[in-house]
Amino acid sequence: MSNTLKLALAQLNLWVGDVEGNVQKIIDAATHARDVLKADLVATPELSLIGYPPDDLLLRSAMPRVIAEGVQRLLDEVHGITVIVGLPEYADEAGERVIYNAAYVIRDGRVLARTRKQLLPNYGVFDERRHFRAGRGGTLVFEQNGLRVGLCICEDLWGPNPAALAAKAGAQLLININASPFDIGKTAARRRVFDSRAAESGLPIAYVNSVGGQDEVLFDGDSTAVDGDGRLAFSAPLFEEGVFPLCFADGRWQDAARREEQPLEAVVYRALVQSVRDYVNRNGFPGALIGLSGGIDSALVATIAADALGAGRVWGVSLPSRYTAGMSNDDARLEAEALGIRYSLLPIEPAFEAFTGTLAEAFAGKPVDLTEENIQSRSRGVLLMALSNKFGHVVLTTGNKSEMAVGYSTLYGDMCGGFAPIKDVYKTLVYRLAVYRNTLAPAGRPVIPERVITRPPSAELRPDQKDSDSLPPYEVLDPILELYVENQLSIPEIVARGFDEATVKRVAGLVRRSEYKRRQAPPGPKVTRCAFGRERRYPITAVYGDI
């Protein structure tokens, strides 16, 4: 009879820097895996002791001591089960302090084995070479229940060497611990990697990942197991913390569960809810404020916030101007009522008149233009931030990726706030998410009024204004932005895809000129392949023409 291994994958929502709290989560997961699931081995995510990404917290003088205390607590308190834990490992080499992204195999008060991450990613949201030194040597192989188990860390699975070396060293299965950020195409990308590594090594693979929001980075879980022939044997729920059992016998994963795949809109919506919940709660805000304009963006953000925090912690504020349509005010109020959130109406006309009156002499002889539009937006920003200061709620901005890309937003106006939930969501996807969320509401009771979805979008800062007065239709704009921002194609390459050259040049110019605005924007969760902020780092002052 072949040896059997009962493995538990601890898909944990870890808090960066909270070593004590993370250790307790690991202890709780190990206890559950041992006592309830009867597991022999539990695997936790990459850097589970400190959370990911720790960035320059790693450089704090006390951090080596805090990490050592965390490891010691695990050694003292966890018995009767083997635990794989990720941690920063501090070492002195030739008089220099270096840090490794490491994993320890712990059981009954002893560190049985350890390994160090070899492939350090330095693209996208990753900046590991800033802090970590690459590990060397082959993939760790240790024994559990008479089986030889390979262990590697995150990116090491994306290169063929560690998996192949584990197989060469006699491993019968491979465990990969991760802090792998979410984006729209990440599940498919991971499955391709699993297929490749299984084909190259013939090893069954178990992959465990973090879950939860961390500033601009979002982890989806998606813990997975595949057999040596690439067959998908297990997939954990997305955005759900839990400890999930697997059984390995006869060279395969046995009787594992697979989640039901969901449409893109459902996955992205849940991602945005998770990011808002973790950002607001972990930063200690009592609730969230949203400027409810009666438009699609603020409607979606308010709905996300209510789902993330509960209606009692969300405050929608209508801030109408002389140009706000009556239907916009009605729709904002109807949405607040449908969600059950607090609602206030604060007209900005008195503030707008005060500002323009103060500036009248300075503006004498100058025509009314974009300046007056921006004053309206900044009047709203002042009022929202005043409420935030007085009551402690964080302001959630409502700008989407299409607007952020081309600068269709006002600094110190609608960009005011602490978190931007749909900052990385194109306008066309905003509409799809709104339609999707309404499908979850009781029949005939949509949380986002149908008129909000069907009306032409408008900033309502001048008479009869529409977004299409200033921008190409979003059905044209968004595909161009995706090619230019995410695929980083040149203007000629985009034109070759069938887009009008003048339109492409205009859009590219707007993207370039708006870099200074984006640098001052609040953080928001990454959902596309290339998000503004931590992932896309362009100079503000640069000349790069058609490239």
Side-chain angles (χ1 to χ4, degrees), residues 5-52 54 57-58 60-91 99-117 140 142-145 147 149 151-154 175-179 206 208-212 214 219 221 223 236 240-248 278 282:
L5 173 65
K6 291 184 177 180
L7 170 65
L9 301 181
Q11 184 168 283
L12 301 179
N13 192 339
L14 303 157
W15 193 338
V16 167
D18 183 18
V19 175
E20 183 177 353
N22 293 339
V23 168
Q24 186 61 55
K25 281 204 167 192
I26 295 167
I27 291 171
D28 292 345
T31 301
H32 179 82
R34 181 194 64 203
D35 297 345
V36 178
L37 304 181
K38 308 302 180 185
D40 309 298
L41 170 65
V42 59
T44 70
E46 177 183 12
L47 291 179
S48 52
L49 227 60
I50 193 172
Y52 195 97
L57 280 178
L58 292 165
R60 303 296 300 176
S61 61
M63 192 55 73
R65 172 184 58 79
V66 172
I67 294 297
E69 290 171 353
V71 172
Q72 189 59 51
R73 187 178 167 205
L74 290 174
L75 294 172
D76 293 340
E77 298 188 29
V78 180
H79 295 85
I81 188 170
T82 303
V83 180
I84 296 173
V85 58
L87 72 158
E89 183 182 46
Y90 292 84
I99 312 172
Y100 291 97
N101 184 337
Y104 286 2
V105 182
I106 291 173
R107 188 178 181 98
D108 295 333
R110 296 176 54 216
V111 177
L112 302 180
R114 64 189 73 197
T115 189
R116 294 165 171 173
K117 189 173 184 179
L140 170 67
F142 65 96
E143 188 169 304
Q144 177 74 47
N145 290 30
L147 291 166
V149 180
L151 173 62
C152 64
I153 303 172
C154 201
I175 296 174
N176 179 243
I177 67 171
N178 296 265
V208 63
N209 192 27
S210 297
V211 66
Q214 176 59 43
F219 302 101
S223 299
E240 185 175 315
E241 193 171 28
V243 184
F244 302 99
L246 285 169
C247 182
F248 183 79
D278 284 343
R282 290 180 175 182

Examine distances only and state if a side-chain atom of [X] and a backbone atom of [Y] form a donor-acceptor pair shorter than 3.5 Å.
X: T82; Y: R107; value: no
X: E46; Y: C154; value: no
X: Q11; Y: F244; value: no
X: N178; Y: N209; value: no

Rounded to the nearest 0.5 Å, what separation is found between the [atom1] atom of [X] and the [atom2] atom of [Y]?
X: T115; Y: L151; atom1: OG1; atom2: CG; answer: 6.0 Å
X: R116; Y: Y104; atom1: CZ; atom2: OH; answer: 7.5 Å
X: L12; Y: F219; atom1: CG; atom2: CZ; answer: 12.5 Å

Is there a side-chain contact between [X] and [Y] in this structure, where contact means two heavy atoms from C-beta onward sitting under 4.5 Å apart?
X: I26; Y: D28; answer: no
X: V78; Y: I106; answer: no
X: T44; Y: I177; answer: no
X: E69; Y: E20; answer: no
X: L47; Y: P54; answer: yes
X: D108; Y: I81; answer: no
X: V16; Y: Y52; answer: no
X: I50; Y: L87; answer: no

If you take all heavy atoms of [X] and [Y], which pair is closest and at what distance?
X: S48; Y: N22; answer: O-CB, 3.3 Å
X: I153; Y: A103; answer: CD1-N, 3.8 Å
X: V243; Y: A8; answer: CG1-CB, 3.8 Å
X: M63; Y: L57; answer: CE-O, 3.6 Å
X: L14; Y: R282; answer: O-NH1, 3.2 Å
X: D76; Y: H79; answer: O-CE1, 2.8 Å

Q. Which residue pairs pass the side-chain hydrogen bond (donor to acceptor under 3.5 Å, both in side chains) test when at least one of the two sits in residues 29-38, sequence neighbours left out?
A.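 For residues 29-38: none.
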Q.
Between the side chains of K25 and E241, is the shortest nitrogen-to-carboxylate-oxygen separation below 4.0 Å, so that they form an ion pair?
A.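 K25 and E241: salt-bridged.
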**Q.** Trace of the side chain to side chain contact (heavy atoms under 4.5 Å, CB included) decision for F248 with K6
**A.** CA-CA 6 Å; F248 183 79; K6 291 184 177 180; over 6 Å; no
Q.
If we check side-chain contact (heavy atoms from CB on, under 4.5 Å) with D40, which of these qualifies: L5, L147, L7?
A.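 One option only clears the test, and that one is L5.
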Q.
Between V105 and V149, is the side chain to side chain contact (heavy atoms under 4.5 Å, CB included) condition met? List the steps.
A. CA-CA 11 Å; V105 182; V149 180; over 6 Å; no
Q: Could you walk me through whether I84 and V42 pass the side chain to side chain contact (heavy atoms under 4.5 Å, CB included) test, one step at a time?
A: CA-CA 6 Å; I84 296 173; V42 59; over 6 Å; no
Q | side chain to side chain contact (heavy atoms under 4.5 Å, CB included) between Y90 and I67, worked out | A | CA-CA 9 Å; Y90 292 84; I67 294 297; 4.2 Å; yes
